[in-house]
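The first residue of the sequence shown is numbered 1, and numbering continues consecutively from there.
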Amino acid sequence: MDMEMTGEAMSKSGFHLVYDIDESEIDAKQLSSALLSMSELLEEADKVINGGKTKTRVNVKGSFKTGSFQVDFSSFQSITKVLQDTLLSDGSQSLLAASGLIGILFTGKKSLWRLLKWLQGSKPTKIISTDDGKFRVYKGDEFIETERKVIELYENYKVRQAFEDIVTKQLVHDPVKGVAIIDSEKEVVDASKEESSYFVCMTLEQSLLEENVRETNINLINVSFKEGNKWRVTDGGNTFYAIVEDKK
């Protein structure tokens with residue numbers, strides 16, 4: 001990727017995808033599917049979180065080490081300088097950089113990876129928002145707290161499908177015994193063969209039918225009365241775009 005993009009600001013982050021294997025080789029088709037899914041995952045997550053205002057590209061290089069196959073990823077994110085200045089000058093929510101995407105997907109304390117492992121393949125009993133802008137995900141009477149961005153990724157079919165391709169579909173085949181993500185700060189998340197079902201994707205029908213409904217007070221930032229345009233609002237903790245529907 002050309003790093004000298006005129007008029008664009010760049011964000012770069014690196015991380016490692018490691019497959020623990022019994023042998024010194026892995027099926028090329030099996031691995032290529034995982035690499036493609038990782039690229040699609042980062043691109044889709046960028047769209048979900050940053051609303052299409054940034055563009056993510058992924059470069060990879062791989063190497064065998066004793067008992068593992070490691071893929072080194074470099075994620076490049078670009079945003080036009082004009083758009084960046086506009087977004088930051090009007091007080092709107094800042095964009096999530098490439099390193100932030102890695103954290104919210106994988107290695108952060110409240111990442112999607114950690115949420116899926118906690119759920120252990122089950123559907124949440126309920127998801128509710130709290131007064132401080134966080135979300136509680138319930139499994140029976142137990143719950144963990146996470147962020148709105150993680151919930152948006154959890155409910156996105158393409159993101160969940162990519163997770164299944166990277167984790168579940170690799171773990172169910174030999175010689176892969178485990179998979180791990182290591183970020184630039186050496187934070188690690190992993191999954192074993194026994195945990196492969198935790199990352200299985202919901203069906204497309206489920207993703208289209210399920211809704212997350214919550215009540216909250218919002219303040220208007222930008223209002224548009226042109227049909228099809230979204231309003232920009234804030235709930236005090238997050239700024240986001242919303243579709244406003246009034247059948248009357």
Report yes if the side chains of [X] and [Y] come closer than 4.5 Å at any heavy-atom pair, otherwise no.
| X | Y | answer |
| --- | --- | --- |
| Asp190 | Val18 | no |
| Leu42 | Phe15 | yes |
| Trp113 | Thr107 | no |
| Tyr154 | Thr146 | no |
| Met38 | Ile181 | yes |
| Ser122 | Lys139 | yes |

If you compare all heavy atoms of [X] against all heavy atoms of [Y], which two are closest, and at what distance to 0.1 Å?
| X | Y | value |
| --- | --- | --- |
| Leu105 | Ala45 | CD1-CB, 3.9 Å |
| Ser111 | Gly103 | CB-O, 3.2 Å |
| Arg114 | Lys109 | CD-O, 3.5 Å |
| Glu147 | Ile104 | OE1-CD1, 4.3 Å |
| Leu171 | Gly178 | CD2-CA, 3.5 Å |

Over-ring placement of Lys117 relative to Tyr198, 6.0 Å and 45° cut-offs: no
Glu142 atom CD, over 12 foreign heavy atoms within 6.0 Å: no
Gln30 atom CD, over 12 foreign heavy atoms within 6.0 Å: yes
Pairing of Asp20 and Lys193 as salt bridge, 4.0 angstrom limit: no
Lys/Arg-Asp/Glu bridge criterion (N-O < 4.0 Å) met for Arg148, Glu152: yes
Worked verdict on Lys110 versus Lys134 for side-chain contact (heavy atoms from CB on, under 4.5 Å): CA-CA 11 Å; Lys110 299 179 179 180; Lys134 303 295 184 181; 4.2 Å; yes
Point-to-point distance, once rounded to the nearest 0.5 Å, from [atom1] of [X] to [atom2] of [Y]:
| X | Y | atom1 | atom2 | answer |
| --- | --- | --- | --- | --- |
| Leu112 | Leu119 | CG | CG | 9.5 Å |
| Arg136 | Ile144 | CZ | CD1 | 12.0 Å |
| Asn156 | Cys201 | CG | SG | 9.0 Å |
| Arg160 | Leu116 | CZ | CG | 5.5 Å |
| Asp46 | Glu43 | CG | CD | 8.5 Å |
| Ile218 | Leu220 | CD1 | CG | 5.5 Å |

Ser37 side chain vs Ser33 backbone, donor-acceptor pair below 3.5 Å: yes
Joint hydrophobic cluster, Val176 plus Val172, side-chain heavy atoms closer than 4.5 Å: no
Single-linkage hydrophobic cluster, 4.5 Å side-chain cutoff, Phe106 and Val200 together: no
Verdict with reasoning, Gln170 to Ile166, per side-chain contact (heavy atoms from CB on, under 4.5 Å): CA-CA 6 Å; Gln170 307 306 312; Ile166 294 164; 5.8 Å; no
From CA spacing to verdict: side-chain contact (heavy atoms from CB on, under 4.5 Å), Ile128, Phe143: CA-CA 10 Å; Ile128 63 173; Phe143 72 86; over 6 Å; no
